[in-house]
Amino acid sequence: MRVTAFMPFFQKHGPEMLQRTYEHIYLTFLAMLIAVGIALPLGIYLTRSRWPKVAAFVLGGAGVIQTVPSLALLAFIILIFAVIALPTIGTLPAIVALVLYALLPILRNTFTGIRQVDPSVIEVATGMGMRPHQILFSVELPLALPVIMAGIRISTVWTIGIATLCGLIGAGGLGDLIIKGLRSIQMDYLLAGTLPAAALALIFDWILGRVERWLTPKGLETHPASKT
Amino acid sequence: MSTKSRVLILVAVVILIGVILVATRHSGRARAAFDAEFLVRPDGYPGLTECYGFKFRREPMQMDPGLMYKAVADGVVDVICAFATDGRIPAYDLFVLKDDKAFFPPYHAAPLVRDKTLKEHPELAGILNRLAGKISNETMQKLNYKVDGKGRKPADVAREFLVSEELIRPDATPGDGSAGSITIGGKQFTEQEVLGEMMAILIEHNSNIKVVRKLNLGGTMICFNALKAGDLDLYAEYTGTGLVNILKQDVIPDPEKGYQAVKKAFQKKWALVWLKPFGFNNTYTLTIRRQHAKQLGLVTISDLANYVSSQRSE
């Protein structure tokens with residue numbers, strides 16, 4: 001098929017697709033930024049916690065959130081926000097829902113990534129006279145990096161998918177186009193929403209893959225886990 | 001480059017992107033919130049802006065119809081596309097702008113049934129037509145509000161109404177289901193659920209037909225296509241929706257003529273039968289807060305169009 005066949009499609013939907021894609025990136029990016037900001041330090045803290053029950057409790061809690069269907073989570077947040085007089089529609093409740101959903105994979109992978117570091121390696125580091133924070137930043141985190149990044153990548157791809165629901169509560173995003181397509185059963189609207197969403201997921205995943213390789217220290221590049 | 005400096009560069013880049021995203025976002029809030037169907041339908045926002053010759057400066061927000069009423073009442077947005085029979089219009093003290101150019105067609109709800117189903121169950125038409133003219137706009141608003149405002153179940157509200165209208169006896173029991181089963185559909189909003197339950201309960205109590213309920217389908221086209229395909233036997237449709245959205249014809253302002261037009265066309269094209277309308281007219285409206293309407297002196301949609309255009313040129 002020639003490229004010109006797609007011209008009417010882009011003439012009709014192009015501007016809105018751009019606008020919605022921008023909103024989608026906005027929602028996903030901010031949500032992931034906040035989620036990483038919470039889950040990464042929390043995951044590290046849990047590996048250092050003296051009470052193993054705390055880690056089990058926090059990871060379990062994040063797991064429970066994950067079991068709530070995303071549509072229901074959105075509704076719960078609206079109800080809770082209505083009680084505490086926060087805006088029930090628009091970007092804020094959408095981002096809160098996305099953050100809650102994105103937490104678990106990052107948290108769990110940070111925790112297990114650091115935990116799975118070979119104890120003998122840490123022993124060697126201690127024997128070399130490294131301090132605890134040096135061990136964390138120079139030994140544990142670099143070794144756990146592939147696992148942590150895998151968590152962030154999973155989270156990002158999920159968030160891009162779940163963010164399509166935010167169209168229901170006035171937060172915009174590509175879900176707007178998909179919901180219009182669903183309500184009116186028009187293929188062009190569905191495609192105009194779905195194709196950019198799928199492309200975004202692939203692009204974000206690819207970028208994060210490159211970042212992972214870029215961050216991995218030279219000596220660790222052949223670490224078996226990084227091949228996933 | 002050391003890993004440490006790479007991490008620092010990464011953090012800097014991420015923060016920079018975040019700042020750019022936040023900074024380039026449109027400031028100011030949308031003035032209007034509409035549901036997805038209204039944004040796409042020819043008798044919705046696209047046609048409305050053409051007819052009245054205005055456009056909101058910021059694209060209207062898309063929102064689930066259930067959330068619109070509270071959003072406008074709380075002042076999060078200023079205009080919504082309310083349904084005329086929604087009980088939250090009086091409950092939240094909202095003001096319906098007069099459609100002075102008669103853009104919105106009449107939307108009288110009536111059971112839309114497959115001809116084949118009526119032939120298989122000849123008693124069905126008579127049973128459903130007992131609801132003809134029984135529900136006024138005010139009645140439908142009250143029924144809807146019992147669900148949306150008071151949290152009652154649509155099935156209980158529907159049954160109560162049927163009992164109060166003496167269409168079923170309070171102690172009546174459903175038939176034994178020996179006469180086969182039919183499937184009733186409904187779109188995903190309260191009124192459709194109440195009407196669906198009402199028709200289902202009425203049929204169950206006046207015949208031996210077993211009724212399967214599929215009352216939360218995602219919109220007009222999903223219901224209509226399912227009906228055409230035979231996955232549904234009937235659902236409550238609105239004359240204006242049938243005319244403009246399904247048949248893609250122009251508005252017929254006269255309710256009776258509009259009803260006859262869809263009746264004839266649906267029978268001929270798809271062998272679907274419009275039974276007698278329930279009575280109320282659930283038209284789309286543009287609705288704003290009463291206080292806000294007074295403050296700006298808005299009474300009609302033309303007033304709103306003028307107001308929006310004057311804001312735009314400033």
Side-chain angles (χ1 to χ4, degrees), chain A residues 15-16 19-20 22-23 25-30 32-34 36-37 71 74-75 78 82 85 87-91 93 137-138 141-142 145 165-173 175-186 188-189 193 207-208 211-220, chain B residues 1-7 9-11 13-15 17-22 24-26 29-30 32-42 44-45 58-68 70-72 74-77 80 187-188 217-226 245-246:
Chain A
E16 190 177 1
Q19 169 67 19
R20 300 295 172 220
Y22 166 80
E23 288 165 357
I25 294 174
Y26 178 88
L27 288 171
T28 309
F29 193 88
L30 281 191
M32 284 310 297
L33 201 62
I34 298 168
V36 172
L71 198 55
L74 215 52
I78 290 174
T88 54
I89 54 163
T91 319
F137 287 105
S138 311
L141 279 180
L145 185 76
L165 288 176
C166 298
L168 286 171
I169 58 167
D176 260 32
L177 287 159
I178 296 173
I179 295 161
K180 280 178 193 165
L182 173 67
R183 295 279 196 243
S184 59
I185 304 293
Q186 290 188 44
D188 54 334
Y189 277 104
I207 292 175
L208 286 170
V211 168
E212 180 184 332
R213 271 179 40 199
W214 190 64
L215 284 181
T216 309
K218 275 261 151 55
L220 290 174
Chain B
M1 215 188 314
S2 73
T3 307
K4 202 173 172 185
S5 52
R6 286 187 181 189
V7 170
I9 289 171
L10 180 70
V11 170
V13 168
V14 165
I15 289 173
I17 296 174
V19 168
I20 290 172
L21 277 174
V22 173
T24 53
R25 206 172 152 76
H26 291 292
R29 61 206 167 106
F34 300 144
D35 77 290
E37 207 168 311
F38 188 78
L39 282 168
V40 180
R41 284 166 62 144
Y45 187 60
R58 280 203 56 201
E59 275 292 295
M61 211 186 241
Q62 178 191 294
M63 203 181 284
D64 189 73
L67 298 172
M68 296 186 304
K70 196 163 173 348
V72 71
D74 290 350
V76 180
V77 293
I80 60 166
K187 306 176 206 178
Q188 209 169 29
L217 303 175
T220 300
M221 294 323 285
I222 292 176
C223 280
F224 178 66
N225 283 326
N245 199 22
I246 298 176

When only pairs under 4.5 Å are counted, which of D64(B), D74(B), N245(B) shares the most heavy-atom pairs with chain A?
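Looking at each option in turn, the highest pair count goes to D64(B).
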
For the atom pair [atom1] ([X]) and [atom2] ([Y]), what is the distance rounded to the nearest 0.5 Å?
X: M63(B); Y: I179(A); atom1: CE; atom2: CD1; result: 11.5 Å
X: L217(B); Y: N225(B); atom1: CG; atom2: CG; result: 11.5 Å
X: I17(B); Y: L30(A); atom1: CD1; atom2: CG; result: 11.5 Å
X: I80(B); Y: M61(B); atom1: CD1; atom2: CE; result: 13.0 Å

Using side-chain heavy atoms (C-beta onward) and a distance below 4.5 Å, is I222(B) in contact with Q188(B)?
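No. Closest side-chain heavy atoms not under 4.5 Å.
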
Are side-chain heavy atoms of K180(A) and Q62(B) found at a separation under 4.5 Å?
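Of all side-chain heavy-atom pairs linking Q62(B) with K180(A), at least one is under 4.5 Å.
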
Contact winner vs chain B - L168(A), V211(A), I169(A), I25(A), heavy-atom pairs under 4.5 Å
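Most heavy-atom pairs within the cutoff with chain B belong to L168(A).
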
Measure distances from [X] to the heavy atoms of chain B and classify the residue's part below 4.5 Å as side chain, backbone, both or neither.
X: F137(A); value: neither
X: S138(A); value: neither
X: I78(A); value: side chain
X: Q186(A); value: side chain
X: L182(A); value: both

Let me know if L39(B) has heavy atoms under 4.5 Å from chain A in its side chain, its backbone, both or neither.
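Contact with chain A involves the side chain of L39(B) alone.
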
